[in-house]
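Everything on this sheet refers to the single structure shown next.
All ligand and atom numbering here is 1-based and tracks the order in the structure.
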Amino acid sequence: MSYPSSRIADLHAHVGTTVTVRGWVTHVRSSGKVAFVVMRDGSGILQCVLVKSQVPAETWERFGTLTLETSLAISGEVRADARAPGGHELGVVELDVIGTSPVDYPIQPKEHGIDFLLDNRHLWLRSPRQAAIMRIRHELEQAVHDFFYARDFTRCDTPILTGAIGERAGLFATEYFDEGMAYLAQTGQLYGEALAAALGRIYTFGPTFRAEKSKTRRHLTEFWMIEPEMAWYDSKDNMQLQQEFVQYLVGRVLERKAEELKLLERDTTMLEKVTGDFIRLDYSDAITLINAKGSTTKWGDDLGAEDEALIVADYDRPVFVMNYPKEAKAFYMKENPADPRTVLCDDLLAPEGYGEIIGGSQREDDYDRLLKRIEEEGLPVDQYGWYLDLRKYGTFTHSGFGLGLERTIGWICGLHHIREVIAFPRLMHRLRP
Ligand code: 4AD
Ligand code: MG
């Protein structure tokens with residue numbers, strides 16, 4: 001017999017009728033007379049019930065062959081059942097195995113080490129926790145586009161192969177025909193600035209690459225960054241936008257992904273407080289604060305992960321640390337007129353010790369000062385002619401920032417390490433699967 005097919009999530013429309021559902025076995029059990037198959041299809045999970053006396057003998061036998069991750073098509077009557085996961089149960093009439101799954105399926109319902117799980121990432125993704133993280137990631141990506149679309153920003157895509165180095169982090173390089181070295185983009189920002197002069201307000205959303213030899217819980221070698229760039233925004237306008245953006249992202253996940261957060265056992269108390277104004281702290285005050293707590297970081301240094309944790313420990317909301325010393329930050333940041341030792345920039349630190357999720361700044365718009373900074377950093381000036389042109393032909397006040405998607409997901413999901421928030425993480429010692 002053939003029946004109409006349905007995804008698990010759509011079963012509510014088929015109560016009382018017989019449908020076919022296709023998916024994978026997550027659990028089987030039997031009392032000898034009644035058997036249960038729990039299956040998932042990506043849209044939900046469904047408990048299917050077989051009564052021995054009511055199905056053909058071969059169907060009952062086939063049930064006996066089911067193992068974890070067998071793919072199958074099950075037909076049965078859809079029954080509403082408030083106690084069942086997903087609210088429905090299937091009274092089975094037919095069961096067809098599509099693909100068997102040998103009993104050595106690597107991921108079993110027991111504790112596995114993280115390296116083992118990452119080696120089997122292609123299968124680990126099938127587990128409910130991992131799927132919940134991927135759904136939250138998807139919600140955030142969509143929220144990014146909705147936020148900027150509603151504000152009339154133009155989404156622009158910037159090159160991944162570049163000649164101009166954007167940040168101080170490690171570079172992946174490859175020979176590029178007769179043109180010398182090409183680098184995998186560490187940022188789309190410099191191109192974003194050119195686009196902001198053309199379109200006013202833009203954002204980029206793309207993969208970025210950093211050959212960071214740091215094995216920390218917040219570094220990937222390939223990560224996704226959202227980089228808005230706004231003409232006529234100063235540093236204050238920039239921070240206001242960052243605050244609204246982060247509030248919107250957190251709000252969207254709280255509103256639409258409550259079930260997933262629950263599955264991850266995320267305590268959302270702190271996330272709910274993100275609606276208020278964020279804390280604003282000058283870099284110099286941040287140094288005083290952490291020194292009083294025992295940190296040996298000196299004025300002039302960039303802040304380390306431990307310093308950031310010390311700073312946010314006092315607050316229940318995200319914290320902006322503003323106006324870092326020039327030597328701690330990238331060449332393109334605008335000198336602070338009120339204190340030329342510093343630049344007009346901000347790092348946004350997430351609460352609960354998650355650390356920097358955004359780096360932003362007003363951009364240096366003075367041709368000579370920018371040229372001097374490029375030279376001081378020992379960057380190849382000839383690669384920055386086009387970037388300097390933006391200051392030559394109608395220079396303009398402008399600002400922007402970069403939000404690291406994975407760090408933001410890690411914080412919102414309450415995960416210890418960001419390697420779980422991207423489907424196939426790229427880490428210093430991991431290129432497979
Ligand atoms: O602070 P960063 O280096 O800033 C920039 O790249 C600027 N060009 C952004 C801009 O103004 N348009 O990086 C921005 C964010 C960090 O705050 C962090 O969230 C994330 O990118 N990030 C990383 N995420 C994962 N792994 C890494 N190795 C990361 N490096 C930075
Ligand atoms: Mg930074």
Give a yes or no on whether a salt bridge exists between R252 and D146, defined as a side-chain N under 4.0 angstrom from a carboxylate O. yes
Verify the ring-centre separation between H122 and F424: is it less than 6.0 angstrom? no
Candidates P425, G360, G402, G355; heavy atom nearest atom 15 (C) of ligand 1 found on G402
Contact region, T221 to ligand 1, non-hydrogen atoms below 4.0 Å, reads neither
Among R210, Q189, Q186, the residue with a heavy atom nearest to atom 6 (O) of ligand 1 is R210
Pair D282 + R280, salt bridge at N-O below 4.0 Å: no
Original post:
Within the structure, does R363 bring an N/O atom to less than 3.5 angstrom of an N/O atom in ligand 1?
Top reply: yes
### Query
Do K334 and D234 sit within salt-bridge range, that is, some charged N less than 4.0 Å from a carboxylate O?
no
Here the atoms of ligand 1 under 4.0 Å from any heavy atom belonging to Y332 are 7 (C), 8 (N)
F223, any N or O under 3.5 Å of ligand 1 N or O | no
If we number the atoms of ligand 1 from 1 as shown, the ones under 4.0 Å from a heavy atom of G359 are 1 (O), 9 (C), 10 (C), 11 (O), 17 (O)
Measuring centre to centre across the rings, with the benzene-like ring taken for any Trp, is Y384 within less than 6.0 Å of F331? yes
A student checking ligand 1 against G404 at a 4.0 Å heavy-atom cut-off should list atoms 15 (C), 19 (O), 20 (C), 21 (O)
Which of E167, R363, E377 passes side chain to side chain donor-acceptor pair (under 3.5 Å) with Y332? It is E167
Answer key: the N, O or S atom of E356 nearest to the Mg ion (ligand 2) is OE2
Contact region, W224 to ligand 1, non-hydrogen atoms below 4.0 Å, reads neither
Cation-pi, W232 ring and R201 (6.0 angstrom, 45 degrees)
no
Checklist entry - Any N or O of L403 that comes nearer than 3.5 Å to an N or O of ligand 1? => result no
A student checking ligand 1 against I358 at a 4.0 Å heavy-atom cut-off should list atoms 17 (O)
Requested in this report: Using a strict 4.0 Å threshold on nitrogen-to-oxygen distance, state whether R430 and D115 make a salt bridge.
Outcome: yes
Check: of H219, E167, M225, R218, min heavy-atom distance to atom 14 (C) of ligand 1 comes from M225
For atom 19 (O) of ligand 1, the closest protein heavy atom turns out to be I357 O, 2.9 Å
- Task: May I ask you to decide whether E376 forms a salt bridge with R373, counting only side-chain N to carboxylate O separations under 4.0 Å?
- Result: yes
Worksheet item: Would you call R266 and E352 a salt bridge, taking side-chain N to carboxylate O under 4.0 Å as the test?
Response: yes
Atom 18 (C) of ligand 1: closest protein heavy atom, distance to 0.1 Å, is R407 NH1, 3.5 Å
Q.
So that I can tick it off, tell me whether E406 and R218 are bridged by a salt bridge, with the cut-off set at under 4.0 angstrom between side-chain N and carboxylate O.
A. no
re atom 12 (N) of ligand 1, the protein heavy-atom contact at minimum distance is E227 OE2, 2.7 Å
Atom 26 (N) of ligand 1 has as its nearest protein heavy atom L220 N, 3.0 Å
Looking at F36, does the NZ or CZ of R29 lie under 6.0 angstrom from its six-membered ring centre and within 45 degrees of the ring axis?
yes
ask   = Does E356 reach ligand 1 with a nitrogen or oxygen that is under 3.5 Å from one of the ligand's nitrogen or oxygen atoms?
value = yes
Contact region, T187 to ligand 1, non-hydrogen atoms below 4.0 Å, reads side chain
